[in-house]
Asker: 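I am attaching a structure below and will ask some questions about it afterwards.
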Amino acid sequence: MTRWNTSHIPDQTGRSAVVTGANSGIGYVTARELARRGARVVLACRNESRGHTALARLRSEVPAAEAEFRQLDLADLKSVRAFAAGLDDFDGERLDLLINNAGVMALPERRTADGFEMQFGTNHLGHFALTGLLLPKLLGTPGARVVTVSSGFHALANVKLSDLNSERGYHRWIAYGRSKSANLLFSHELSRRLARAGSQVLAVAAHPGYADTNLQTAGVRMEGRTRTERAVTLLNRIVAQPAESGALPTLCAATAPHMKPDAFLGPRGALRGGPASSFRAPWTTDDATGERLWAASEELTGVTYEFGGVRAEG
């Protein structure tokens with residue numbers, strides 16, 4: 001896969017996809033390239049103005065695209081439920097690809113609308129709830145995939161099951177690492193439960209390496225740290241790979257044939273390069289931790305997963 005690029009994306013005509021956080025960065029590139037290959041794509045974004053701007057840009061770059069914007073705030077479970085319910089009119093009972101891409105990184109301490117620590121609540125719980133609510137569509141679609149975007153920074157920390165919402169102390173980078181480990185544990189446990197239920201839905205994960213996106217500057221911008229924001233922006237331009245390259249592991253995980261369940265793709269060079277199997281910390285494949293995180297996530301979100309009408313227990 002070292003030379004894999006967008007020209008290798010199979011024809012997506014007749015397929016449908018939801019991409020969260022598709023207004024910019026790797027999410028936008030992912031949505032655009034899927035649409036370019038014929039998929040019908042929903043750009044699921046929090047900010048309505050930015051979502052419509054991204055949609056207009058996509059249509060200008062891919063005039064034949066079948067794409068639409070729908071509002072989704074992963075930091076608000078009411079919004080997640082409303083989005084999922086509203087998707088009933090999208091492509092019937094079909095959903096081929098769910099790309100859990102949206103995320104926040106290294107923010108000053110904040111809480112979601114439901115009181116969760118913002119990074120854990122947005123990056124993990126929002127996507128956990130969304131995937132569970134859209135699961136019937138995925139289960140009913142042959143060849144469906146769920147791609148969850150994690151980060152190499154997951155190696156900073158395992159989830160802390162006794163303090164999922166960082167109520168006993170907050171460090172922005174540790175909280176980010178925990179949320180990204182949660183993404184990988186979720187993909188691992190989802191893959192296990194799908195297999196146990198006899199489903200052919202594929203759950204895989206990816207990370208972009210160091211890609212030049214808005215993610216790195218959001219936290220310092222929120223705090224008004226102008227000099228730091230400028231420094232990070234300059235570093236991005238010098239060191240990071242463009243979003244077009246950062247999106248390749250996600251696109252490969254979503255479309256490449258013969259992808260293995262619970263695969264984790266990233267740039268071959270860790271920070272940049274063609275898609276390849278990526279390092280993952282051993283705790284992200286620990287069954288017991290995955291089961292406990294799953295149970296906690298169901299309790300916190302109120303979303304339980306039904307695999308063909310039967311709950312797949314841990």
Side-chain angles (χ1 to χ4, degrees), residues 1-45 54 58 62 65-67 72 87 90-91 94-103 123 127 130-131 134-135 137-151 183-184 186-188 190-191 194 199-209 211 213 243-268 273-278 280:
M1 291 186 291
T2 55
R3 297 181 180 178
W4 195 95
N5 57 52
T6 54
S7 69
H8 295 99
I9 299 174
D11 182 23
Q12 300 294 299
T13 301
R15 308 189 81 213
S16 57
V18 170
V19 183
T20 69
N23 58 285
S24 65
I26 65 171
Y28 173 77
V29 175
T30 299
R32 182 191 68 197
E33 295 307 314
L34 290 174
R36 193 189 303 278
R37 296 298 295 157
R40 184 182 177 195
V41 181
V42 170
L43 283 68
C45 315
L58 189 153
V62 187
E66 288 189 71
L72 169 66
L87 212 65
F90 174 69
D91 212 10
R94 186 180 192 92
L95 180 59
D96 296 86
L97 295 172
L98 173 58
I99 312 294
N100 290 326
N101 163 80
N123 298 348
H127 282 126
L130 178 65
T131 306
L134 295 181
L135 188 63
K137 278 180 171 282
L138 293 160
L139 291 173
T141 306
R145 295 188 188 184
V146 178
V147 181
T148 300
V149 178
S150 181
S151 166
N183 287 152
L184 284 173
F186 165 63
S187 188
H188 175 70
L190 177 59
S191 186
L194 286 165
S199 172
Q200 297 302 306
V201 175
L202 195 64
V204 293
H207 78 90
T213 71
E244 280 73 9
S245 299
L248 290 179
T250 299
L251 285 163
C252 185
T255 66
H258 313 302
M259 191 62 55
K260 294 182 179 180
D262 199 29
F264 181 38
L265 303 187
R268 176 165 290 277
S277 180
S278 180
R280 66 191 294 173

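Positions are given from 1, in the same order as the sequence printed here.
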Asker: Distance only, no hydrogens: is a donor on one side chain within 3.5 Å (strictly under) of an acceptor on the other, for His127 and Thr148?
Answerer: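 Note: His127 and Thr148 side chains miss the donor-acceptor criterion.
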Asker: Could you report the tightest heavy-atom contact between Gly266 and Ser278, atom names first, then the distance?
Answerer: N-CB, 3.7 Å
Asker: Distance check, rounded to the nearest 0.5 Å: Cys45 atom SG versus Leu72 atom CG?
Answerer: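 Going from SG on Cys45 over to CG on Leu72, the span is 8.5 Å.
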Asker: Rounded to the nearest 0.5 Å, what separates atom CG in Leu58 from atom CG in Asn23?
Answerer: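 The CG atom of Asn23 is 12.0 Å from CG of Leu58, to the nearest 0.5 Å.
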Asker: Does a donor on one side chain and an acceptor on the other come within less than 3.5 Å for Asn100 and Thr131?
Answerer: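 Judged by distance alone, the side chains do pair up.
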Asker: To check you understand the geometry: which heavy-atom pair defines the closest contact between Asn5 and Leu248, and what is its length?
Answerer: CA-CD2, 4.1 Å
Asker: Tell me whether Asp262 is salt-bridged to Lys260, with the criterion being a basic N under 4.0 Å from an acidic carboxylate O.
Answerer: no
Asker: Measure the spacing between OG1 of Thr141 and CD of Gln200 and express it to the nearest 0.5 Å.
Answerer: 13.0 Å
Asker: Could you check whether any side-chain heavy atom of Met259 comes within less than 4.5 Å of a side-chain heavy atom of Leu202, counting everything from C-beta outward?
Answerer: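 Yes, close enough: below the 4.5 Å cut-off.
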Asker: Please check this pair: side chain of Ser191 against backbone of Ser187, looking for a donor-acceptor N/O pair closer than 3.5 Å.
Answerer: no
Asker: So, His188 versus Phe264, ring centres under 6.0 angstrom or not?
Answerer: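 Between His188 and Phe264, the centre distance exceeds or equals 6.0 Å.
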Asker: Distance-only, no hydrogens or angles: does the Asp96 side chain make a donor-acceptor pair with backbone N or O of Ala144 under 3.5 Å?
Answerer: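 Checked: no pair found.
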Asker: Taking Val149's backbone N and O only, do any of them form a donor-acceptor pair with Asn101's side chain (distance below 3.5 Å, no angle check)?
Answerer: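 No, Asn101 side chain to Val149 backbone: no donor-acceptor pair under 3.5 Å.
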Asker: Looking at every non-hydrogen atom in both residues, tell me the closest pair between Leu194 and Ala203 and how far apart they are.
Answerer: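 Shortest heavy-atom separation between Leu194 and Ala203 comes out as CD1-CB, 4.1 Å.
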Asker: Any side-chain heavy atom of Trp4 sitting closer than 4.5 Å to one from Leu265?
Answerer: no
Asker: Rounded to the nearest 0.5 Å, what separation is found between the CG atom of Leu138 and the CG atom of Leu98?
Answerer: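 The CG atom of Leu138 sits 6.0 Å away from the CG atom of Leu98.
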Asker: Quick one: CZ on Arg15 to CZ on Arg40, what's the gap to the nearest 0.5 Å?
Answerer: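 The CZ atom of Arg40 is 15.0 Å from CZ of Arg15, to the nearest 0.5 Å.
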Asker: Should Thr20 and Ile99 count as side-chain neighbours, where that means a heavy-atom distance under 4.5 Å?
Answerer: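 No; the side chains remain at least 4.5 Å from each other.
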Asker: Please report the shortest heavy-atom distance between Ala254 and Leu97, naming the atom on each side.
Answerer: O-CD2, 3.4 Å
Asker: Is a side-chain N or O of Tyr28 found less than 3.5 angstrom from the main chain of Ala243, in a donor-acceptor match?
Answerer: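 No; judged by distance alone, with no hydrogens or angles, the pair does not exist.
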Asker: Checking Arg32 against Glu244 for the salt bridge (charged side-chain N to carboxylate O under 4.0 Å, His left out) test, could you report, in this order, the C-alpha distance in whole Å, the side-chain angles of both residues, the deciding distance, and whether it holds?
Answerer: CA-CA 10 Å; Arg32 182 191 68 197; Glu244 280 73 9; 3.8 Å; yes
Asker: Backbone N or O of Ala206 within a donor-acceptor pair of the Ser150 side chain at under 3.5 Å?
Answerer: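 Checked: no pair found.
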Asker: For the side chain of Gln12 and the backbone of Pro10, is there at least one donor-acceptor N/O pair under 3.5 Å apart?
Answerer: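 It does hold such a pair.
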Asker: Closest approach of Ala247 and Val29, non-hydrogen atoms and distance?
Answerer: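 Minimum heavy-atom contact is CB-CG1, 3.6 Å.
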Asker: Return the OG1 to CG distance between Thr30 and Leu43, rounded to the nearest 0.5 Å.
Answerer: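 It is 10.5 Å, given to the nearest 0.5 Å.
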Asker: Would you say the side chain of Arg145 lies within less than 4.5 Å of the side chain of Val201, judging by non-hydrogen atoms?
Answerer: no
Asker: How far apart are the closest heavy atoms of Pro249 and Pro267, and which atoms are they?
Answerer: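 Looking at all heavy atoms of both residues, the closest pair is CG-N, 4.0 Å.
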